[in-house]
Every structure is written in structure tokens, then in C-alpha cells.
Amino acid sequence: MPYSWTSPARAPQFSTRAIRAGRAPEIDSGALTPSICLSTTFAQADIGVPGAHTYARASNPTVATLEAALGALEDAPPSVCFATGMAATTTLILATAAAGDAVLVSEVVYGGTARLLERVLAPLGVRATFVDTSDLRAVSAALRSKPKLLFVETPANPTLRLTDVAAVADLAREAGVLLAVDNTFLTPLLMRPLDLGADVALYSTTKYIEGHNATVGGAISARDPALLERVRFLRKTLGNIQAPFSAWLTLRGLDTLALRLRAHSRHAQQVAEFLAAHPAVARVHYPGLASFPQAELARSQHRDAETGEALHSGVVSFELRADLVRGASDGGFAAGVRLARAVRLATLAENLGCTQTLLTHPASMTHADVPQARRHATGISDGLIRLSIGLEHPRDVIDDLAQALAQVAVGDEVETTAGIGEAVARD
């Protein structure tokens, strides 16, 4: 039976649920680590009497264990797990919108989400309207068009712009619109969207939840059984369930989620403070900085579920002073590229939330498919750098950035950057 201990005084704390919820020693062997079930097919008791599982495209015991664990972190029924975060996003939109319907989306959003809406779903008749969800008046006005879904990403990727989830949830409820929050950056440890009034919490479990660069995966959490059933039906039909081994690795990641995310957050705070004081840096985006425009909202909305400490996860983004790179008249693109090539400890890569520190140049990588005019309008400059601060000692990360910034500030002629967007691998 799944772990279900509750003390007489209170429910288990987050760390306890992350390690134990949905899991129990196996009956036959006593094994504490759940087994990986790789079976495609499951025997049925009789005609019309299926067991808990019938076919792996619909469900799997290992995936079901992860789903129970994730749901418990949000005081919700078992979540629904997917092959990737984009599979979760795609299924959610298909579950809530059809041809002729509109979806309202944060204007600063992961590039893959924008690509899905504009290149895949728009030709099928699902209209997407992008809005600054940090502006409550803009959200209220946009909701008058009666979209089927309001999809919010907060903190936004890669500018870290925040949305007041509780306030937006009130507006969505008044308008009768479903609210989904992509909570990938914070996880249920640092923000619980369902408690703030959202209908859906969506995750790329690839990131902090699994946390070790070993899997891809996605999850949808909700407290409405009918919505979860609809999502499960579509997952079975589309065939985008998470693989058992990926689910097993993600369960292992859950065991250390609280410890890791606290360390990521504290390391990122130190790196952000270093960058904010560096003369070669024009601006730093991190919710833990006093200079962050939405610092007050961050302090109230980003709270450790156990300690109450204001923590803001491990992503920091920043922009260099383009004038430090001689001949750079491209809005900082050359400066960003030069820095990406100068780091030694940080790795140029598109993922985030793993143990290693990663550096991403969004204009040529994660957001290369977003038109330049829209990128600029939403604060994604050509020179913006996104850092996912890992679990290395923060002093070593800072030393690496310091030597890279020293190279950028030298002022040597910058080699041509033409075609860099095509040369760098995209997700």
C-alpha cells in the first residue's frame, strides 16, 4: 500500500511526502526502491473485468507511482505524467480548446510553447493571444474575449517576469476561464498554484523535479477529477505517456528535490548579487534581488513550503553592456555570444534545473524561433544570457563568470556572428 502516515498533530511535511508519498516496501521482496515495470501488457481477470492496468499506452505501475507522489505534493489526486513537458502542454490545450477557440498566454513564455501555438495549433483553428500577465488590467481586458484557457508561466522563461497567481486566478474565476500555471521553475516546494486558485499546475519534470539531466518528462496536477480524466483519455489516445524508466528516475529525483532546490536558490542568489555588482553587466534579472521590479511579489509568492523562507529557484538571466565589445552594433548579440564562448565551468546547453551550471543564449537557442520583434518587445534582448545555477560551489561558478566577463570586456574585435542561430543546436 502507498505510504499514508499522518501524525496525530499534522500532515507530513513536504520533504517526507517527496520521499515517501505513493511508495511502500514491495510486498514480495520488501524492496524500498520501487521496481521498474517494463511490461507492455497486463493480464485481465475476466472478460470486462480489467485490472488496474491493461496496456502501457494507457497506464503503467511505475508511472502511476510517480503520479501518486506528485499529486501528494499538492494535496491533489494523482497527477498525469507525460513523455515531455511539451507533451503535457499540448495535451492540456487539446483537452480545453478546439477549433474556433482562443487560448490566452503569457507574452513571455518558453519558446516551445509559442511554437506549438503558432505553428501547430493555429492552423488547426486554435487561436493564441499573448498578453502581459504581470499587468492585471491587461489580463482583465483580454479575458473579455472569453478564451477557453489562460496559460501563465511564472517566473517567465527567460526574463523571470512574475505573474501574481492569486490575483490572476480571481480574474479568471470571475470570467469563467480555466487557469493553468507552468510552475516548472519553482516546483510545489516554492509555490503551490492550486492553493493560489489555479485550476492546473503544469511541470516539465525534466528540470528541477528530476534534476539530474537524465530524463525528459512532464506532468499535470489538478483537483478536478473530470479534468484529470479528460487529460488521461487524451494521453491514452495520443500515446504520449511517460516511459517507465524515466518515471523511475524522476522518483529518485523527488527524494532530494527539497535539498537541491534550496541549494540551487541560495547559489543563484550569490551569483545574481555578483553579476549585479559587476561593471560589465548592464542588468540582472533575479527575483531575489532588491532591484528586481517585482521583488515584493516574489517575497510573498515564492515561499518554501516547510520553512517559509523566500526562495526563488536557480535561474538567473542578465545582459552585458554592449559598448564593451568593440564593433558590436547588434543590440548585444555579439557580446552574448562572446560570453557564451568564454565560460569554462558553465556548459553551453538548453536545459535547466540540473546539478551542473548551464548557460543558454536564448536569442540563438531556446527562443530562436520567436520573431525578433516579439522577443525585443517582451524583454528578450539579443544579448540576454540565461544561467541555470547548479550545485557546484557558488564561488567556482562566480570565478568562471568573472574570467569570462574579463575576456568580454577586453574589447578585441568580435568575429562575425552571422548564422549563429542556425549553427547552435536548437531544442
Side-chain angles (χ1 to χ4, degrees), residues 14 74 104-110 113 130-143 150-175 177 179-203 207-208 261-262 264-273 275-276 283-319 352-353 377-380 384 386-389:
F14 184 94
E74 304 195 68
L104 194 61
V105 188
S106 296
E107 67 174 5
V108 184
V109 70
Y110 170 55
T113 302
F130 294 89
V131 65
D132 180 1
T133 52
S134 69
D135 183 343
L136 295 180
R137 287 180 295 182
V139 173
S140 180
L143 285 170
L150 170 56
F151 188 96
V152 168
E153 184 180 286
T154 183
N157 183 7
T159 65
L160 304 182
R161 186 185 301 175
L162 305 184
T163 296
D164 186 333
V165 175
V168 166
D170 287 341
L171 294 174
R173 190 177 306 108
E174 291 172 7
V177 174
L179 171 62
V181 175
D182 185 335
N183 193 34
T184 294
F185 278 25
L186 298 175
T187 84
L189 176 68
L190 302 185
M191 186 173 75
R192 287 164 54 96
L194 303 184
D195 286 355
L196 294 173
D199 300 289
V200 175
L202 183 141
Y203 300 92
K207 311 303 192 291
Y208 289 103
L261 196 51
R262 288 168 185 147
H264 284 298
S265 299
R266 291 163 185 158
H267 293 184
Q269 182 71 35
Q270 294 181 53
V271 173
E273 290 172 358
L275 290 169
R283 62 189 59 83
V284 181
H285 309 278
Y286 188 68
L289 294 176
S291 59
F292 187 73
Q294 298 169 291
E296 184 176 349
L297 173 60
R299 282 191 297 272
S300 64
Q301 187 163 269
H302 303 172
R303 290 285 177 177
D304 187 305
E306 290 181 345
T307 68
E309 182 181 2
L311 295 174
H312 311 287
S313 198
V315 177
V316 178
S317 61
F318 66 101
E319 298 167 70
L352 61 90
T378 57
I380 306 174
L384 185 75
R386 187 190 75 188
L387 290 170
S388 173
I389 306 303

Measuring from atom [atom1] of [X] to atom [atom2] of [Y], what distance do you get when rounded to the nearest 0.5 angstrom?
X      : Y      : atom1 : atom2 : value
Arg283 : Thr159 : CZ    : OG1   : 12.5 Å
Glu306 : Leu189 : CD    : CG    : 7.0 Å
Arg161 : Leu297 : CZ    : CG    : 13.0 Å
Gln270 : Arg266 : CD    : CZ    : 10.5 Å
Thr163 : Asp132 : OG1   : CG    : 7.5 Å
Lys207 : Leu352 : NZ    : CG    : 5.5 Å

**OP:** Show your working on side-chain contact (heavy atoms from CB on, under 4.5 Å) between Met191 and Thr154 and close with a plain yes or no.
**Re:** CA-CA 10 Å; Met191 186 173 75; Thr154 183; 3.9 Å; yes

Any [X] side-chain heavy atom under 4.5 Å of [Y] side chain:
X      : Y      : result
Val108 : Phe130 : no
Pro155 : Val315 : no
Leu190 : Ser265 : yes
Gln301 : Leu186 : no
His285 : Arg386 : no

**OP:** Go through the steps for Leu311 and Leu261 under the test side-chain contact (heavy atoms from CB on, under 4.5 Å), then give the verdict.
**Re:** CA-CA 9 Å; Leu311 295 174; Leu261 196 51; over 6 Å; no

Heavy atoms only: give me the nearest [X]-[Y] pair and the separation to one decimal.
X      : Y      : result
Leu162 : Pro287 : CD2-CG, 4.4 Å
Val284 : Ala272 : CG1-O, 4.1 Å
Leu150 : Ala172 : CD2-CB, 4.4 Å
Gly308 : Arg303 : O-NH1, 2.7 Å
Leu160 : Phe292 : O-CZ, 3.2 Å
Ser313 : Ala268 : O-CB, 3.6 Å

**OP:** Test side-chain contact (heavy atoms from CB on, under 4.5 Å) on Leu387 and Tyr286 and set out the steps.
**Re:** CA-CA 11 Å; Leu387 290 170; Tyr286 188 68; over 6 Å; no

Original post:
Should Thr133 and Ser106 be marked as a side chain to side chain donor-acceptor pair (under 3.5 Å) after you check the CA-CA gap, both sets of side-chain angles, and the distance that decides it?
Top reply: CA-CA 5 Å; Thr133 52; Ser106 296; 2.9 Å; yes

Original post:
Given Glu174 and Leu143, is the side-chain contact (heavy atoms from CB on, under 4.5 Å) satisfied, shown in steps?
Top reply: CA-CA 9 Å; Glu174 291 172 7; Leu143 285 170; over 6 Å; no

Original post:
Where the side chain of Asp199 meets the backbone of Ala180, is there a donor-acceptor pair that is under 3.5 Å apart?
Top reply: no

Subject >> Donor-acceptor pair, side chain of Ser388 and main chain of Gly353, under 3.5 angstrom >> reply: yes

**OP:** Would you mind telling me which of Asn183, Asp182, Thr184, Thr187 makes a side-chain hydrogen bond (donor to acceptor under 3.5 Å, both in side chains) with Tyr203?
**Re:**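 That would be Asn183; it is the only one of Asn183, Asp182, Thr184, Thr187 passing the side-chain hydrogen bond (donor to acceptor under 3.5 Å, both in side chains) with Tyr203.
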
**OP:** May I ask you to say whether Arg192 pairs ionically with Glu74, meaning some side-chain N is under 4.0 Å from a carboxylate O?
**Re:**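 Salt bridge flag = no for Glu74 with Arg192.
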
